[in-house]
Amino acid sequence: MIRVRSLEFRYPGTDFLLRIPDFQVGTREMVAVIGPSGSGKTTLLNLVAGILVPEQGSVHCADSEVSTLSDAARRDFRISRIGFVFQDFELLDYLNVLDNVLHPYRITGALKLTPRIRERARDLLQQMGLGDKIQRGVERLSQGEKQRVAICRALLPSPQIVLADEATGNLDPRNKGHILDLLFEAVQAHGSTLLAVTHDHELLPRFDRTVDFNDFLVKDGL
Amino acid sequence: MIDSLYIAWKYVSFYKARTATLVACVTLIAALPLALELVLEESERQLLSRAESTPLLLGARGSALDLVMNSLYFGDEVPELISMRAADDMDASGLATPIPLYVRFQARGFPIVGTTLDYFDFRDLHIAQGRQMALLGECVIGAEVAERLELKPGDTLLSSPETLFDLAGVYPLKMKVAGVLARSYTPDDLAVLLDLKTAWVVQGLVHGHEDVTRTQDDSVIIKRSDNNVIANAKLVEYTEITTENVDSFHFHGAPDDYPLTAVLALPNDERSGTILRGRYLDTAIPYQLVVPGDVIVGLLANIFRIKNVLDAVILMVGVATALALILVFALSLRLRQHEIRTVFRIGGSRLTIFRLLGAEITIIFLVSGLLCGFAMIVVDQYSAELVRRLVIG
């Protein structure tokens, strides 16, 4: 479950202010967030994930008051509870596909890299159509393939909450449907909650609910 | 830590050129002073041990260093020549045992050392294969010469002309290898040792040719009288000494006047040595008697003075390199902002970044250390040869 109350956030040194009076996503709910570019959709995901901390208000997420956690606790929370599919993938060129998917397991003590996890990573990549590119460097992948690697990395730890920022934005129409099916299947299989930012209105009927940022968002200071 | 090393290894192996440059910088800056130290230690060992075991050395006045380097280490620089009479005079004085040396020629790049059998006892040289030289035209070769030229007793070795286009000079002498010396880890390993008379044959002072009184070929004879025969250059000179022609080899001129490069002087006792040194202090005498140890200590003092300067230069270069490396890592942090942000966003901390960077630095220094170690093994392997080429000449 995600609950945002009276949230205010401003990027230091800018006059941009994100203000969300009340916003809630239920457990196992799959919610799409739409809105104009620059309206703060990605910022909201970063606040939910604990990457950013609000100036005011609270972010309650998966039984944790994220906004009040210490830096270390927020990192542990993000690693263990959140799967984040970033808009710009956040992949490392010098690692191959499999190593990118396993990267979170190698850099933190919160996740333990076991042979079973490796096997699961291979299965996920296979399902995403990347079975034959496991050892390939990510710099040699297409944008769509990179997107799929980023989705695998987010899903591997079976997170309680999956945050997807334009998760299918770089995929062709055929792959888009397939990858979204996989994302939905994985989210449902693990009983996760999905909060996905998208600009693709064709996909909206597949979500349980759509939240239009324009409905409750106050963006001032302009 | 293993995971950090794994990721760091992936990083350094992905950016090969950047890593290779860093490794080369670290390796060079670490290897240079160590290599210098190794070579200097070896030069000190080689030079000092041999010099200290040689009590006195007699040679022509001039550079004492050239005299010592030529006589003890068979350096290429040939000192002014002295005559065999110098050795005979010393012997007649009864103060010391003279060991004449004639180090002037080469055979396939290795120095030819003309001397007497006393030299082998003095240097404690032992025959490992074959036998000691016994006949004119025979030589005994050092272990390194035998190894590099793949020679064994019974093989032959040609002397080299002093200059490439030595048209008026003597023919090369085909010397028979009588024996191979046991390895002594001294310049003797690289020497071709032969009897003084054979050395003079190499020079052409002693030579053998067909008997002009018996030759049937009149075109060889320029003038014939009852007690003299003059032949022209068509007369066959022997380039190899065999049992058949050995008797035809003969001296021209007085053997006392035959050349030497030096005489090793082994005083009977300390007192004899002091008296002997006193005798050669007179500048009117065309010889100098030097204590090789003193000459080499002087040389080493100069070398180490230069080394101190080099150490200071290397230290400065090292500091500059260290600063450059710090700058490279600092700039690399800026260039890697995106990667660092990724690590933070997927749950890494500042400590994670430090661990990854630490692992990269560890790998770079480890590889550099291995390369440096390998370089040191190579330098150590060839240090004796390096010393010979760089210091002895």
query: Do B:Arg183 and B:Glu147 sit within salt-bridge range, that is, some charged N less than 4.0 Å from a carboxylate O?
result: yes

message: Does this structure show an ion pair linking B:Asp311 with B:Lys307, if we count only N-O contacts that are shorter than 4.0 Å?
response: yes

task: Looking only at non-hydrogen atoms, find the nearest pair between A:Gly35 and A:Lys41 and report the distance.
output: O-NZ, 3.0 Å

- prompt: Contact part of A:Asp76 toward chain B, heavy-atom cut-off under 4.5 Å: side chain, backbone, both or neither?
  reply: neither

Sidechain-backbone polar pair: A:His190 side chain, A:Ala186 backbone, donor-acceptor under 3.5 Å: yes

Interface moiety of B:Tyr6 toward chain A, non-hydrogen atoms closer than 4.5 Å: side chain

field: chain A interface, residue from B:Thr352, B:Ile346, B:Leu351 that has the most non-hydrogen pairs under 4.5 Å
entry: B:Ile346

- prompt: So which part of A:Phe89 gets closer than 4.5 Å to some heavy atom of chain B, the side chain, the backbone, both or neither?
  reply: neither

- line: Most contact-rich option vs chain B, by heavy-atom pairs under 4.5 angstrom, among A:Leu92, A:Ile82, A:Thr108, is A:Leu92

- prompt: Relative to chain B, which segment of A:Asp71 carries a heavy atom at a distance below 4.5 Å: side chain, backbone, both, or neither?
  reply: neither

- line: A:Leu7 and A:Val59 have their tightest heavy-atom pair at CD1-CG2, 3.3 Å

field: Proximal component of A:Arg74, with respect to chain B [non-hydrogen, under 4.5 Å]
entry: neither

query: Hey, what's the ring geometry for B:Tyr11 with B:Tyr15, parallel, tilted or perpendicular (30° and 60° as the breaks)?
result: tilted

- line: So, the part of A:Ile107 with a heavy atom under 4.5 Å from chain B: the answer is both

